[in-house]
Number of protein chains: 2
Amino acid sequence: MAKDRRGEQERGPALARRQTTRHSTITDVADAAGVSIKTVSRVFNDEPNVRPLTRERVLKAATDLDYHPNVAARSLAGRRSFLIGLAYENPSPNYVVDLQTGALERLQGERYRLLVLPFDDAAAASGKMQAIARASGLDGVVLAPPLCDDAATVAEMEACGLPYARIAPTSGGSHAPDVAMDDRAATRALIDHLVGLGHKRIAIVRGDPTHASAAARYDGYCAGLEAHGLAIAPELEVPGAYTFASGYEAGKTLLALGQRPTAIFASNDDMAAGVMNAIHEAGLKVPGDISVAGFDDSNIASVVWPRLTTIHQPIRDMAREATGALLALIEHEETVPHQVLPFQLVVRGSTGPAA
Amino acid sequence: MAKDRRGEQERGPALARRQTTRHSTITDVADAAGVSIKTVSRVFNDEPNVRPLTRERVLKAATDLDYHPNVAARSLAGRRSFLIGLAYENPSPNYVVDLQTGALERLQGERYRLLVLPFDDAAAASGKMQAIARASGLDGVVLAPPLCDDAATVAEMEACGLPYARIAPTSGGSHAPDVAMDDRAATRALIDHLVGLGHKRIAIVRGDPTHASAAARYDGYCAGLEAHGLAIAPELEVPGAYTFASGYEAGKTLLALGQRPTAIFASNDDMAAGVMNAIHEAGLKVPGDISVAGFDDSNIASVVWPRLTTIHQPIRDMAREATGALLALIEHEETVPHQVLPFQLVVRGSTGPAA
DNA sequence: TTGTACGCGTTATCAA
DNA sequence: TTGATAACGCGTACAA
């Protein structure tokens, strides 16, 4: 008993709103191919137990009818939305786009789509992730730093049971898969580079203390100095907030010192650009008078003058891998182990021999 | 006859996958409030004809049960996904994030969610918008430049009947609402500024010819020169591609000229940064030797040294308004008229008196 | 290897 | 102002 929907008495007033042609459904395809809807379903879900010939008939019918599975129906029946969220609170556009690009790369060719979830700060996200996820029907969430280190958010995710993965986390309390980079070792490599150029007074502009990466980079800085037998001078450590403006202020502070540093390591590129701005304003030259190094290798690093020596952080790669881990979790409920991706020291024009 | 779902014989093997608690449904709320599901539906859709008292009872029950409407079911039954796409092919992270921020601002508090749709170029998008929209079940799409000027894409959108809005379009053939800015007038304002500083040899680095904005800005440049009785010298017009690298090359070309310009207008900030890089490398000073101006007021403009004099383009505002126009189209089928948003000349350190 | 029948949680129709 | 009931299009047991 065919249900005979799709008769001539089509287009209820509410339905005829816009679409000129009714989209064909799984039933249409089944009828056209002379099979049941279950078989069509099997074909479109790559399930086994379909004869190649049958499969072809179905595919042909689908093509002829320009059939595309209805996402909403799939979601409802299958209890999954094929929607994943990317949550971040990072203020740097370069970073954000890298993040998105990486996630999207992994989703390429999959049925999953990406919803971007920007937050002003951890407080704005805290306690709301679950509600947002439910309101949007998310199947899972990728948490970028520093959100992924926010205790309240992590606790909430653990409690509500929604699959999630973290990018470059540094805090614990989570059973979620994650992809990270060794910020400490990377910073050490940068310090080694500076010391190799003859620098002995190396300053640091520290990152936003709420980002765990700030601590890791500071650790690397200290370890680097110690390894080379250099003293850690308190006046050469100035606070920052990972923003251009904070780097600019930090630069001015350092330039006002009685005995200036010969090199400044800014904990990210945005701050390094700010530092350089302050140096230029003071009429000094980079790297002639002072060398400057950043961290991230974001777009800004190759756009300022001189271009920044920095650490290339594989943000895209991390986002891609984290998304992959999330998919594995959602689809097979399997947790891929903690991954550490390699960094790269990129030497450009902003660092040179010590004066 | 209550259907008695939600009995004790819960958790089919496939269902029990993750969630510890079954989410309550509209039926649960209806039962708890002693009304029919239709009434609950009315309340949650702000439909009329519900007694205030009844409404309250429903709301109370919903709160008690932590009820949230199921997105998939809503989409299926209502034939709308509450999902809109933001399609762009812009390579500048600053621009992209502004775009997203603006769109999300408008979506704040609405039921709609945003799907980002980046494309490598117009060719990658051409002919696929409809398929993507269907595959993701989009209710509508916001097209950013230069995608919104791609003839094939526009034609496709017009043909398939999916609601869409355009940001700063310059091509025709579309009935969609759009929000724009007067690039020509803005460029004129910039030229006026330079002429006011005494410049007479003003060069232009043109934008990517596939972006219609490039032509508008060039027009403004010509109009500005003419208005001040200045000649348009062909050797002072060099091509560019809206990228940092193309600006850098253009800068070198202009510096190699027998008689150098005293000011360079780059058709966007990225190229202006490239031009400044070339000037610095040549050992010249900005603006002492040459003034440089950009267009967009993207993040890069306030991060290079000296900071760029530029045109503040209200990208966020345009994205917000375009998204609003799209919502109006989707919800009320009403096309809001073409909007033109104001620009702003931002004078910073990169322009100064002619030498 | 294939099909039947039911359920997913809403919105929409139409009657009350 | 309300409610019963039929779609919406597909996944999934279970039967064949």
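Convention: sequence-line order gives letters A, B, ...; per-chain numbering from 1.
In summary, the side chains of B:Ser126 and B:Asp150 do present a donor paired with an acceptor at a separation below 3.5 Å, with no hydrogens or angles considered. B:Ser174 and B:Tyr164 form a side-chain donor-acceptor contact under 3.5 Å, judged by distance and modelled atom types alone. A donor atom on one side chain and an acceptor atom on the other are found under 3.5 Å apart for A:Arg111 and A:Asn45.
The side chain of A:Ser36 sits closest to C:dT4 out of C:dT4, D:dC8, D:dG11. In the set D:dT12, D:dT2, C:dG9, the nucleotide with an atom closest to the side chain of A:Ser41 is D:dT12. Among the nucleotides D:dC10, C:dT10, C:dT1, the one closest to the side chain of B:Arg74 is C:dT10. Picking from D:dT1, C:dT2, C:dG9 the nucleotide with the shortest atom distance to the side chain of B:Arg51 gives D:dT1.
The base of D:dA4 lies outside donor-acceptor range of the side chain of B:Lys38, with no N or O pair under 3.5 Å. The base of D:dG3 sits with one of its N or O atoms less than 3.5 Å from a complementary donor or acceptor on the side chain of B:Arg42.
Rounded to whole Å, atom C1' of D:dT12 lies 10 Å from atom CD1 of A:Ile37. Rounded to whole angstrom, the span from the CG atom of A:Asn49 across to the P atom of D:dC14 amounts to 17 Å.
Within the 4.5 Å cutoff, side-chain heavy atoms of A:Tyr88 are placed close to those of A:Leu99.
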